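Only a predicted model underlies this, so the values are computations on that prediction, with no experimental measurement involved. Positions are given from 1, in the same order as the sequence printed here.
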Amino acid sequence: YPTWKRTLTRRAREAQMKRFCKAQAIQRRLEEIEVTFRELEQQGIKLEKLLRDEEGTLAEQKTRWMNELLYLVQKKNNLMSEESDLMITVQELKLEEQQWQLDQTLRWYLNMEESLKTPEDRAAEQKILTQLVAVVDKRNLLIHMQEEKRLSEL
């Protein structure tokens, strides 16, 4: 096994492990966001009840409750935006993994001696190449979406 093949294999495993760790971190953050959503909902429900039920309350108190409610809505919107970004990142990781797998399979076919390839091998190689291009296009679209979202937020 040549040194360069071992190096490529090791780097591929490292990249795969990095993607896995990133996916785990994203999953944890999504769970944290879900818990925070529920907490914000509960706080919002309490504030709405206070605003509706308290007839004799001072206007200053109602204004404070309204400001708290608006703050909760803003916080929830920020979390929704973060969740959306994380979901895009998850899709990007999936496509990256899929691209890696297709790339490995394509390398196998490309390393095969041309005279030993059957028509089925050539067809499979072409199919994999087409799939690889489609995955790269999807990744490009996701990156474009992220950039548009970032620009619209500015």
Side-chain angles (χ1 to χ4, degrees), residues 1 3-110 124-154:
Y1 220 55
T3 304
W4 65 272
K5 282 190 177 182
R6 283 194 305 264
T7 302
L8 284 177
T9 304
R10 181 177 40 81
R11 286 186 182 161
R13 277 194 312 262
E14 288 171 357
Q16 193 173 22
M17 196 61 172
K18 188 176 179 181
R19 285 191 299 272
F20 179 73
C21 290
K22 190 173 183 180
Q24 281 184 323
I26 289 171
Q27 185 61 38
R28 279 193 301 275
R29 182 60 187 141
L30 287 172
E31 290 169 1
E32 290 170 2
I33 288 173
E34 187 63 35
V35 168
T36 307
F37 271 151
R38 281 190 236 117
E39 291 171 357
L40 290 174
E41 276 297 318
Q42 293 303 316
Q43 291 174 2
I45 290 170
K46 288 178 186 176
L47 285 171
E48 281 185 44
K49 284 182 180 178
L50 287 172
L51 282 168
R52 290 184 182 157
D53 293 344
E54 301 298 322
E55 295 296 326
T57 308
L58 296 173
E60 184 179 306
Q61 182 66 35
K62 283 187 176 185
T63 303
R64 194 173 330 129
W65 288 339
M66 187 61 88
N67 286 338
E68 286 180 39
L69 190 61
L70 291 174
Y71 173 74
L72 291 177
V73 169
Q74 181 184 15
K75 200 171 179 181
K76 186 175 179 182
N77 287 341
N78 290 340
L79 286 173
M80 288 176 70
S81 177
E82 182 182 356
E83 183 181 41
S84 171
D85 290 342
L86 290 173
M87 295 307 288
I88 289 173
T89 304
V90 165
Q91 286 297 316
E92 194 174 337
L93 284 172
K94 285 179 182 177
L95 289 172
E96 193 176 317
E97 179 68 23
Q98 189 177 1
Q99 181 179 348
W100 178 80
Q101 290 172 353
L102 288 169
D103 189 50
Q104 293 301 309
T105 307
L106 184 61
R107 283 178 194 266
W108 184 81
Y109 280 111
L110 291 175
E125 181 180 336
Q126 189 60 40
K127 182 180 176 186
I128 290 168
L129 187 59
T130 304
Q131 290 174 340
L132 189 59
V133 169
V135 167
V136 170
D137 287 342
K138 287 178 187 177
R139 285 185 68 193
N140 187 40
L141 181 63
L142 280 177
I143 291 168
H144 184 70
M145 283 175 38
Q146 282 179 318
E147 186 63 20
E148 281 185 4
K149 184 177 182 222
R150 187 186 67 78
L151 290 174
S152 70
E153 288 175 353
L154 291 177

List the steps and the verdict of side chain to side chain contact (heavy atoms under 4.5 Å, CB included) for K22 and I26.
-> CA-CA 6 Å; K22 190 173 183 180; I26 289 171; 4.2 Å; yes
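- Between atom CG of residue L40 and atom CD1 of residue I45 there is a gap of 11.0 Å, rounded to the nearest 0.5 Å.
- Between the OG1 atom of T105 and the CD atom of Q131 there is a distance of 9.0 Å, given to the nearest 0.5 Å.
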In sequence, state the C-alpha distance, the side-chain angles, and the governing distance for N140 and V136, and then conclude on side chain to side chain contact (heavy atoms under 4.5 Å, CB included).
-> CA-CA 6 Å; N140 187 40; V136 170; 5.5 Å; no
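- Applying the side-chain hydrogen bond (donor to acceptor under 3.5 Å, both in side chains) test to every pair with at least one member in residues 37-46, sequence neighbours left out, gives these pairs: E41-K76.
- Every side chain to side chain contact (heavy atoms under 4.5 Å, CB included) that E148 has, sequence neighbours left out, goes to H144.
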T89/Q146 under side chain to side chain contact (heavy atoms under 4.5 Å, CB included): CA gap, chis, key distance, verdict | CA-CA 9 Å; T89 304; Q146 282 179 318; 4.0 Å; yes
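- Across V135 and L95, no two heavy atoms sit closer than the pair CG1-O, 3.4 Å.
- Interatomic distance, L70 CG to L47 CG, rounded to the nearest 0.5 Å: 10.0 Å.
- The CG atom of L106 lies 9.5 Å from the CD atom of Q126; values are rounded to the nearest 0.5 Å.
- With hydrogens and angles ignored, the 3.5 Å screen pairs a side-chain donor or acceptor of T36 with a backbone N or O of E32.
- Remark: the R19 side chain and the Q16 side chain contain no N/O donor-acceptor pair separated by less than 3.5 Å.
- To the nearest 0.5 angstrom, M145 atom CE is 10.5 Å from E92 atom CD.
- The CG atom of L72 sits 11.0 Å away from atom CG of N77, with the distance rounded to the nearest 0.5 Å.
- Between R150 and E147 there is a salt bridge, since a side-chain N of the basic residue sits under 4.0 Å from a carboxylate O of the acidic one.
- Under the side-chain hydrogen bond (donor to acceptor under 3.5 Å, both in side chains) criterion, Q91 pairs with no residue at all, not counting sequence neighbours.
- The existence of a salt bridge linking R10 and E14 is confirmed by a sub-4.0 Å separation between a basic side-chain nitrogen and an acidic carboxylate oxygen.
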Evaluate the criterion side chain to side chain contact (heavy atoms under 4.5 Å, CB included) for residue pair Q104 and W100; output intermediate values, then yes/no.
-> CA-CA 6 Å; Q104 293 301 309; W100 178 80; 3.5 Å; yes
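- A 6.0 Å sphere centred on CZ of R11 holds no more than 12 heavy atoms belonging to other residues, nucleotides or ligands.
- Minimum interatomic distance between D103 and L132 (heavy atoms only, all atoms of both residues): N-CD1, 4.3 Å.
- With 3.5 Å as the limit, one finds a donor-acceptor pair spanning the side chains of K149 and S81.
- In this structure, M80 and F37 have side chains that are in contact, with non-hydrogen atoms separated by less than 4.5 Å.
- Residues L30 and M87 meet the side-chain proximity criterion, which asks for heavy atoms closer than 4.5 Å.
- Here the closest heavy-atom approach between residue L50 and residue W65 is recorded as O-CZ3, 3.5 Å.
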